[in-house]
Number of protein chains: 2
Amino acid sequence: MPRIVVEVMPKPEILDPQGKAVNGALPRLGFSGITGVRQGKRFELTVDGPVTPEVLADVRRAAETVLSNPVIEDVVRVEAEESE
Amino acid sequence: MPRIVVEVMPKPEILDPQGKAVNGALPRLGFSGITGVRQGKRFELTVDGPVTPEVLADVRRAAETVLSNPVIEDVVRVEAEESE
């Protein structure tokens, strides 16, 4: 079944408390060398037909309206992916 | 600054209420043709030096212990990415 991956990240100017929390936890847990963490979302959408350019355009529209909040988030990836 | 992307998804056998909610909302909002949605997480880690194999191994270890819960989640991607 073809799969489309959509990835959403908080805009750079938006505070990201989850990422900050992870960033603060890493050194305490023995992981050094990481200077910043941002946390976003990854969606895997299954579609029931072939991934045509129309389907991809539709998913891109969904990504920008339903899967992300365009005020605070950027859609960073919309891509078909062969499922294993 | 080099960036490492870590992606985490709920294991296939685990219920994913967030993904289910999105999946239910899409047809109501006019998006058809999508038969399934799974929601996971995407992390962008900034590291302060070059991404050596050691750094990547370290991040992979962090991904499997801190960034994901190995009981219910799979790390699906750990990859260096040039920042724009």
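By convention in this document, chain letters (A, B, ...) are assigned in the order of the sequence lines, proteins followed by strands, and residues within each chain are numbered from 1.
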Seminar exercise, completed: Counting heavy-atom pairs under 4.5 Å with chain A, the top scorer among B:D16, B:I4, B:L26, B:D48 is B:D48
Exercise. Does A:R42 use its side chain to pair, donor to acceptor, with the backbone of B:F43 at less than 3.5 Å?
Worked result: no
Exercise. If you measure from the Lys or Arg side-chain nitrogens to the Asp or Glu carboxylate oxygens, is any gap between A:R77 and B:E81 under 4.0 Å?
Worked result: no
Exercise. Is atom CG of B:L29 surrounded by more than 12 heavy atoms (other residues, nucleotides or ligands) closer than 6.0 Å?
Worked result: yes
For this session: Check each atom of A:V59 against the heavy atoms of chain B and say whether the ones under 4.5 Å are side chain, backbone, both or neither.
Result: side chain
Exercise. Of the listed residues (B:T65, B:V37, B:V76), which shares the most heavy-atom pairs with chain A below a 4.5 Å separation?
Worked result: B:V37
For this session: Among the options A:V47, A:T35, A:I34, pick out the one with the most heavy-atom pairs lying under 4.5 Å from chain B.
Result: A:T35
Exercise. If only atom types and distance count, is the side chain of A:S32 paired as donor or acceptor with the main-chain N or O of A:P27 below 3.5 Å?
Worked result: no
